[in-house]
Protein chains: 2
Amino acid sequence: MTDPKPRKTGSKPAESITFDEIDQRILDMLQQDSDTPVQAISEAVGLSANPCWRRIKRMEEAGLIKGRVALVDQTRANVPLTVFIGVSTSRHEIDWLKRFRALIDEIPEVLEAYRLTGTVDYILKVAVPDMASYDAVYKRMIERLEFSQVNSMISMEELKFTTAIPTKYL
Amino acid sequence: MTDPKPRKTGSKPAESITFDEIDQRILDMLQQDSDTPVQAISEAVGLSANPCWRRIKRMEEAGLIKGRVALVDQTRANVPLTVFIGVSTSRHEIDWLKRFRALIDEIPEVLEAYRLTGTVDYILKVAVPDMASYDAVYKRMIERLEFSQVNSMISMEELKFTTAIPTKYL
DNA sequence: TATGAAAGACTCCCATC
DNA sequence: GATGGGAGTCTTTCATA
């Protein structure tokens, strides 16, 4: 709002592809429902079908749209339980990180993992059927790698969940 | 593995719809790429196109497939920074929760929010361009609601990210 | 912008176990 | 009777002019 700067493209080699407000609105719609017909999108943004389709393709080629996926209901898929696990290690070595990465990659219950600043080194988001299954995942992890601390936070209720990131900074 | 029970359907009114290993494999593919042609899926699972399509439709109608969405690259969309915020409140009232829910709903940078057990009451996942933007979101929150504790965990690196939940418990 | 060709999605009906 | 396969129609995508 208070920033009139020309806006940097960020980290990428900067091919200086720009996107405007129409692209934002198209993205917003596709982030809600990726098989919204191009025709419907074009009408909503006040464009004819073809140029609208061209913009979508351009965003895909630029890598702005990473892909399209089906979202599965956790409860109906019998994995209603979401657990966040904060973990810390005393082994601050590149080899440990490598093995940690390999470990979480092969556990499908681990949906997300981030390396953090601060006291907690990593945070994981895990989806499991119940506490017993969670315990199995937990054991599988501490069996393979040393952790100095593991702190489980059980989700009792999902207040918000969206895969749609804000487009206003485009 | 060690559980030979007939498997409960969970919380829903239990229409007792069952899904088999073929459905699992179809789901796996659609969770990776939702516009994989039905034909390609059918070949992969050893079925002809029509019954394969029927299975997909059935999973959609059952609500197992919630929808299909486009995934946008955070970095290219200029929101490269992911922050987890652990918050606690001293106001354990239904009205506070209601207002909290409304608040996070209107902040598009808040992608996810969960109510937790344990010492931390809620955890939020937020996507922003930089620390300044994060601070703006933070201020917007504490301006509107009382928190007894707010603990920000900044992500330095995304080790894993997938929207594909495990299908082996189906 | 409009037209058209090609591909894929969806429907109906028949065959089979 | 439930499930899989096959042919035909129709929408949607994509490349012309």
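A, B, ... follow the sequence lines: proteins, then strands. Residue 1 opens every chain.
Nearest-nucleotide positions on DNA chain D place A/Val38 closer to the 5' end than the other of A/Arg54 and A/Val38.
The distance from atom CG of A/Asn50 to atom C1' of C/dG4 is 12 Å, rounded to the nearest whole Å. With rounding to whole Å, A/Asp33 atom CG is found 13 Å from D/dT12 atom P. As a whole-Å value, the separation of A/Ile41 CD1 from D/dT12 C1' is 12 Å. Between the CG atom of A/Asp35 and the P atom of C/dC10 there is a distance of 8 Å, given to the nearest Å. B/Glu43 places its CD atom 17 Å from the P atom of D/dG4, with the value rounded to the nearest Å. Residue B/Gln39 contributes atom CD, which lies 14 Å from atom C1' of D/dA7 at whole-angstrom precision. Rounded to whole angstrom, the span from the CD1 atom of B/Ile26 across to the P atom of D/dT3 amounts to 14 Å. Here D/dT3 presents its C1' atom at 12 Å from CG of B/Asp20, a figure rounded to the nearest Å.
Comparing D/dT12, D/dG5, C/dG8 by their nearest atom to the side chain of B/Leu47 picks out D/dG5.
Side-chain nitrogen and oxygen atoms of B/Trp53 include none within less than 4.0 Å of the OP1 or OP2 phosphate oxygen of C/dA9. For the pair B/Lys57 and C/dT11, the criterion of a side-chain N or O lying under 4.0 Å from OP1 or OP2 is met.
Using a 4.0 Å heavy-atom criterion, one finds that B/Pro51 contacts the bases of the nucleic acid, with or without backbone contacts as well. If you check every strand for non-hydrogen atoms under 4.0 Å, B/Arg55 touches sugar and phosphate atoms only. Residue B/Ser48 is in base contact, counting any heavy-atom pair closer than 4.0 Å across all strands shown.
Between A/Phe100 and A/Phe147, the two ring planes are perpendicular [angle over 60°; tilted spans 30° to 60°].
The number of heavy atoms from other shown groups lying within 6.0 Å of CE (B/Met29) is above 12.
B/Met59 and B/Phe19 make their closest contact through CG-CE2, 3.7 Å (heavy atoms, listed as atom of the first residue, atom of the second, distance).
Among A/Val110, A/Thr82, A/Leu81, the single residue meeting the side-chain contact (heavy atoms from CB on, under 4.5 Å) criterion with A/Val128 is A/Leu81.
Neither side chain, B/Glu146 nor B/Ser90, offers a donor N or O lying under 3.5 Å from an acceptor on the other.
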